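Order of the sequence lines fixes the chain letters, A, B, ..., with proteins taken first and strands second; residue numbering starts at 1 for each chain. Quantities reported herein were computed from a predicted structural model and do not represent experimental measurements.
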Amino acid sequence: MFALCDCNNFYASAERLFRPELNGRPVVVLSNNDGCVIARSEEAKACGIKMGDPEFLVRDLIKKFAIQVFSSNYVLYGDMSERVMHQLSRWFPRLDVYSIDEAFGWLGGVRELESYVPRIRESVVRNTGIPVSIGVAPTKTLAKLANKMSKKSGGVLVLDSEEKITAAVREFPVHELWGVGRQHYKKFEALGIRTAAELRDMPEMWFKQHMTIMGQRMWNELWGRPAIPLEQVREVKKGITVSRSFRNYIEQPEILAEAVTLYASRLAEKLRREKLRCLYLQVFLYTNKNREDHPQHFPSHTHKLLIASNSTTDLVGVAVRVSAKLFRHGVKYRKAGVIATGLVPESELQLNAFFDHDGGKKDTVSAVLDKLNLAFGRGTLRMASEGYEKKWRLKHEYLSKGYTTRWSDIIKVK
DNA sequence: TCTGGGGTCCTAGGACCC
DNA sequence: TCTGGGGTCCTAGGACCC
């Protein structure tokens, strides 16, 4: 049996944990750039705030109901996530951490599920302060379904018999299924399929034709036959991305180069932290697709490096050159990003026969960069092309403190 | 005026190779 | 007038996830 444990309203719960006076009050967390709502406490949901609502469209509701607003604080959420996962790993010897706020656990030989599972839930809340819900079923897809249904029935739901599963899928709305997004739902709607049970009754071939091999897997999972295995060891990453929206539009190539410099620097840092180098560097630019009156431009280009690299100077150089080629005058850019692919372990450096490797000089530079920035704070030593004013930088006006990661932000108890 | 970021997997088509 | 088969690599786009 699989268990899916998921933190309730995770970001909102994490923020409220250090501001207990907000218990029982509506809380929302905004995306980067304070753009849209990405987490809501139960009270905020009751106020009519929906997932993904742009902040500027719900400003009236926020005021009317005195909703507490937070910018996203990923350092805090990342740390709280680690604590929750650590607690879960005490109960599940085989744990598959699926995202920042959920994990699949394997319940192999456990017999008294109905009494065992609630104990897991209570211990996580007690030891981390983060409330979780747990759904248990024979497949991952059904465990996800059970987890969703559990939120309305005390936070635990165990589907351990044919009868319980059939009853559950009969009332479960098809658009809430794991793996069903907007496009698939449209198709189902046209066919009059409204529940998971109605979908499950379609022939296997139909799934394969309309939803590729993923649909076929879903079909088996809905009938209780596992098709998606537990992944205890995360596969090696295929790509690493750094992308951000700008605070305002960028219309000048020099300013774009500043932003791209910062993103490529961050990317190089991430690669080094993971002990990887990349062979391809992709750069992309976006305009604001919500503005029909603006000319749209979504250019992208992938550059192949001669030698796999994770050096800041290498990646910044390529990224700035590529972005300059992609840039078009008279266009208002909203966002840019860099993606590293063709990732290879740092230790397996493949040299190129026609170009000399520098004998590790760049690695030395990178090491010094990382050491100084670790000791004196991120950005202490950086590329000059990053610029000084950085007016394009993210907006986060409602940022909470680093309660669990910064000495100066630790809460004092009188 | 203001609408996130970081991923995965799958499919299809074109260029190129022998 | 007639022009293959099998493979890889790369790019792009679509769909989905949290």
Side-chain angles (χ1 to χ4, degrees), chain A residues 4-11 28-39 50-60 62 69-74 77-78 81 96-104 140-141 144 147-148 175-188 207-218 227-228 231 234-249 263 266-267 270 274 279-280 282 284 286-294 298-304 332 334-343 394-397:
Chain A
L4 191 258
C5 316
D6 140 301
C7 303
N8 301 341
N9 317 323
F10 182 48
Y11 297 170
V28 298
V29 178
L30 302 179
S31 64
N32 264 333
N33 232 10
D34 293 342
C36 40
V37 174
I38 54 168
K50 287 191 289 299
M51 192 66 172
D53 276 348
E55 182 269 343
F56 73 96
L57 288 181
V58 292
R59 214 165 275 167
D60 290 345
I62 289 172
V69 177
F70 290 97
S71 303
S72 23
N73 183 344
Y74 290 106
Y77 313 148
S81 172
D96 173 355
V97 178
Y98 178 66
S99 75
I100 193 164
D101 75 330
E102 45 185 286
F104 289 100
K140 279 185 165 183
T141 302
K144 287 281 283 187
N147 175 276
K148 251 189 194 162
H175 64 268
E176 288 188 26
L177 271 178
W178 192 39
V180 174
R182 254 220 186 76
Q183 300 307 315
H184 287 144
Y185 181 54
K186 253 194 236 163
K187 222 175 272 176
F188 301 159
F207 275 80
K208 205 177 173 188
Q209 271 166 17
H210 291 89
M211 302 169 67
T212 75
I213 193 144
M214 312 289 270
Q216 206 176 8
R217 271 178 218 156
M218 182 188 293
I228 307 171
E231 287 173 33
R234 275 285 129 210
E235 299 264 318
V236 260
K237 276 190 194 166
K238 308 251 164 43
I240 298 180
T241 308
V242 174
S243 78
R244 297 274 120 83
S245 302
F246 313 128
R247 177 182 289 244
N248 307 111
Y249 294 116
Y263 302 170
R266 287 272 177 282
L267 184 65
K270 278 190 179 182
E274 309 238 355
L279 203 47
Y280 300 95
Q282 185 183 350
F284 65 85
Y286 281 176
T287 43
N288 184 353
K289 61 180 186 307
N290 298 305
R291 289 292 299 260
E292 280 160 22
D293 52 331
H294 287 184
F298 302 94
S300 135
H301 179 77
T302 306
H303 179 92
K304 185 173 184 186
K332 294 172 189 290
R334 192 74 234 291
K335 177 176 176 174
V338 285
I339 307 174
T341 52
L343 305 181
L394 284 184
K395 191 159 84 179
H396 40 57
E397 282 171 22

Any base atoms under 4.0 Å from [X], or only sugar-phosphate, or nothing? Heavy atoms, all strands.
X        : value
A:Ile100 : nothing
A:Arg59  : base
A:Lys335 : sugar-phosphate
A:Phe10  : nothing
A:Arg291 : sugar-phosphate
A:Leu267 : nothing
A:Asp34  : nothing
A:Leu30  : nothing
A:Thr302 : sugar-phosphate
A:Glu55  : nothing
A:Lys144 : sugar-phosphate
A:Asn33  : nothing
A:Lys238 : sugar-phosphate
A:Met214 : sugar-phosphate

A correct dot-bracket answer for DNA chain B, with pairs being Watson-Crick or G-U at under 3.5 Å, [ ] for crossing pairs and | for inter-strand pairs, is ....||||||||||||||

Could you pull out all residues at least two apart from [X] that satisfy salt bridge (Lys or Arg N to Asp or Glu O under 4.0 Å)?
X        : answer
A:Lys237 : A:Glu274
A:Arg244 : none
A:Lys140 : A:Asp96

5'-most contact on DNA chain B (nearest-nucleotide basis), A:Gly52 vs A:Gly239, goes to A:Gly52

Between A:Tyr249 and A:Lys237, whichever has its closest DNA chain B nucleotide further toward 5' is A:Tyr249

Name all residues meeting the side chain to side chain donor-acceptor pair (under 3.5 Å) criterion together with [X]; count only those two or more places apart in sequence or in a different chain, and write none if there are none.
X        : value
A:Thr287 : A:Gln296
A:Tyr280 : none
A:Ser300 : A:Gln282

Is the A:Tyr263 ring parallel, tilted or perpendicular to the A:Phe246 ring (thresholds 30°, 60°)?
parallel

Taking distance alone, no hydrogens or angles, what donor-acceptor pairs closer than 3.5 Å link side-chain atoms of residues 178-186 of chain A to residues at least two apart or in another chain?
unit_1, atom_1, unit_2, atom_2, d
A:Trp178, NE1, A:Tyr98, OH, 3.3

The first and last nucleotides of DNA chain C lying within contact of chain A, meaning any atom under 4.0 Å from one of its heavy atoms, run from C:dC10 to C:dC18

_A:Lys148 side chain vs A:Glu176 backbone, donor-acceptor pair below 3.5 Å_ = yes

Q) With a 4.5 Å heavy-atom cut-off, do A:Lys144 and A:Phe104 have their side chains touching? A) yes

- Query: Between B:dC16 and C:dG4, how far is it from one C1' atom to the other, in whole Å?
  - Reply: 16 Å

